[in-house]
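What follows is a single structure, and I will ask about it in a moment.
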Amino acid sequence: MDYKQAYEKLERYGQQHVLNYYEELTQQQQQALLEQIETSDFENLKYCKDNTTNRRGKITSLAAMQLEQIEKEREHYTAIGLETIRQGKVAAVLLAGGMGTRLGFEEPKGMYNIGITKEVYIFQRLIENMLDVVRQADAWIHLFVMTSDKNHEMTMEFFEEKDYFGYKKEYVHFFVQDMVPASDYNGKVYMEEKWKIATSPNGNGGWFSSMYKEGLLGMIKKAGIEWLNVFAVDNVLQRIADPCFVGATISNGCVAGAKVVKKVSPDERVGALCLEDGRPSIVEYYELTDEMKEAKDEQGQPAYNFGVILNYLFKESMLEKIVDGQLPLHIVEKKIPYLDEQGNYVEPDEPNGYKYETLVLDMIHQVDNCLPYEVERSREFAPIKNATGIDSVESARELCRLNGIEL
Ligand code: UTP
């Protein structure tokens, strides 16, 4: 793309300021900027004032498969799951492309050491959990790790340095998610350098299309993988490629499953699995009306009582069908480092604009059915979002201690 073409593209989106410093740049920097303009998608920025992509349908409740019921079938489900794993049909996808801004840790979140008397990294905890299943099934499980441009090198080097925490290297596959421009409140993109538009990862909803773009589908097919268990980096207790969960989903004829926990209160900040216009969906805690908060299920329990923990199982063939489907856009207020009018680099203390993301939870609405599968929160839900307080390093350490994990 030459200067004129770049200018024309920017003009269509009202972003001509991106070329303000062009004359000052070296030839190499000019080239880098033109390339970035060519590959950037500015389409989303027009939604900054009017987030029209998120209209909701009619929400109704969806009963979860609860602990008691799972316990009765545990052996049966586990046997199905283990067999499926042994056949190489289950793979795991670790979403590690986030910026982890709330934790305030400069390096990738998975590199955070939650250990007290010894080193226990977040990545290590996840790998240890996977190794339990590898031992139980006596079979290796492919692990795909999604990173972003911002943390790819560091993540890969860390796994190398730590010798994959005992996991088999040939079964770990890294891929990079796409980046999208970040803007001010008027939808004007910020510049990070005079030759670089400020970008952020495009949200965790892009994982399958990024795998697709990187050509991993061929490998998936060749390996005979049929199920993908996608999970967040920050829950250090979650069971991954959990045989019982896999077996329960298959046994119930579902094409997707979602691990859920009983909410502590209707206001707890987790999304609840529900139906939207008869299809599975997730209703956010702030979308629950008073009527929904008071609604009861057949057992007299709150009807929207099961929150998702970002651990989903998807039938891979279903995802191929929806790869081009448009996921709703989430416009999130964030702190975005930028160049001010004088060209000085500023790291804001307060949010100063928007990032544009799609979310994995919206993929649930694209599939025909989804099994809400309850897990005990004290045993499987220890997310690390913050340094202290709720969902923090402190609370996760306490939960690890309760589960006999030495730190
Ligand atoms: P969060 O919503 O907690 O976002 O991600 P985050 O960026 O990690 O943290 P904050 O909000 O800045 O503090 C949930 C999961 O989705 C992954 C994260 O790595 C985490 O596993 N994620 C998030 C991605 O892989 N890519 C993204 O673009 C965003």
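When reading the values below, keep in mind they use all heavy atoms of this one structure, side chains included, and skip hydrogens, waters and symmetry mates. Everything numeric in this text was worked out from a predicted model, so none of it was measured. In listed order, ligands and their atoms are each counted from 1.
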| Stepwise, does the side-chain contact (heavy atoms from CB on, under 4.5 Å) test hold for T101 with K335? | CA-CA 9 Å; T101 42; K335 294 181 222 167; over 6 Å; no
| query | N151 side chain to T155 main-chain N or O, any donor-acceptor pair under 3.5 Å? | reply |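 It does not hold such a pair.
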| task | Go through ligand 1 atom by atom and flag the ones less than 4.0 Å from a non-hydrogen atom of K334. | result |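 Within the 4.0 Å cut-off of K334, ligand 1 contributes 10 (P), 11 (O), 12 (O).
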| message | Checking Y185 against E333 for the side chain to side chain donor-acceptor pair (under 3.5 Å) test, could you report, in this order, the C-alpha distance in whole Å, the side-chain angles of both residues, the deciding distance, and whether it holds? | response | CA-CA 9 Å; Y185 292 120; E333 236 189 312; 2.6 Å; yes
| F158 and Y121 aromatic centres sub-6.0 Å |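 Ring centroids of F158 and Y121 are less than 6.0 Å from each other.
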| said: Below the 3.5 angstrom mark, is there an N/O of L310, backbone or side chain, next to an N/O of ligand 1? | reply: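 Among all N and O atoms of L310, none is under 3.5 Å from an N or O of ligand 1.
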| said: Is the ring pair F165/F159 parallel, tilted or perpendicular, if the boundaries are 30 and 60 degrees? | reply: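 Plane angle over 60°, so perpendicular.
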| said: Using only atom types and a distance under 3.5 Å, with no angle test, would you say the side chain of N202 pairs donor to acceptor with the backbone of T358? | reply: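 No; judged by distance alone, with no hydrogens or angles, the pair does not exist.
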| Closest protein heavy atom (residue, atom, distance) for atom 7 (O) of ligand 1 |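 Minimum-distance protein heavy atom for atom 7 (O) of ligand 1 reads M99 N, 2.9 Å.
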| If you count the atoms of ligand 1 from 1 in the order shown, which ones are under 4.0 Å from a heavy atom of A232? |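 Listed by number with element, the hits are 15 (C), 21 (O).
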| Below 6.0 angstrom between ring centroids: does that apply to Y47 and Y356? |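 Between Y47 and Y356, the centre distance exceeds or equals 6.0 Å.
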| Where ligand 1 meets G97 - atom numbers and elements under 4.0 angstrom, heavy-atom basis |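 Answer, ordered by atom number: 19 (O), 24 (C), 25 (O), 26 (N).
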| N or O pair under 3.5 Å between G203 and ligand 1 |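 For ligand 1, there is an N or O atom that lies under 3.5 Å from one belonging to G203.
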| field | Per-residue contact class, A96 against ligand 1 - non-hydrogen pairs under 4.0 Å | value |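 The backbone, only.
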| query | Does N204, backbone or side chain, put an N or O under 3.5 Å from an N or O of ligand 1? | reply |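 Yes.
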| Is there at least one pair of N or O atoms, one from G100 and one from ligand 1, spaced under 3.5 Å apart? |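 N/O-N/O distance below 3.5 Å exists for this pair.
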| said: Would M146 count as a polar contact of ligand 1, with the cut-off being nitrogen or oxygen pairs under 3.5 Å? | reply: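 Between M146 and ligand 1 (N or O atoms, distance only) the closest approach is not under 3.5 Å.
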| said: Can you tell me which portion of Q177 lies within the under-4.0 Å heavy-atom range of ligand 1? Options are side chain, backbone, both, or neither. | reply: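 The answer is the side chain.
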| query | Under the criterion side chain to side chain contact (heavy atoms under 4.5 Å, CB included), which of L126, L143, D132 is the partner of I240? | reply |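 Filter result, single survivor: L126.
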| Any N or O of K385 closer than 3.5 Å to N or O of ligand 1 |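 Indeed, backbone or side chain, K385 has an N or O that close.
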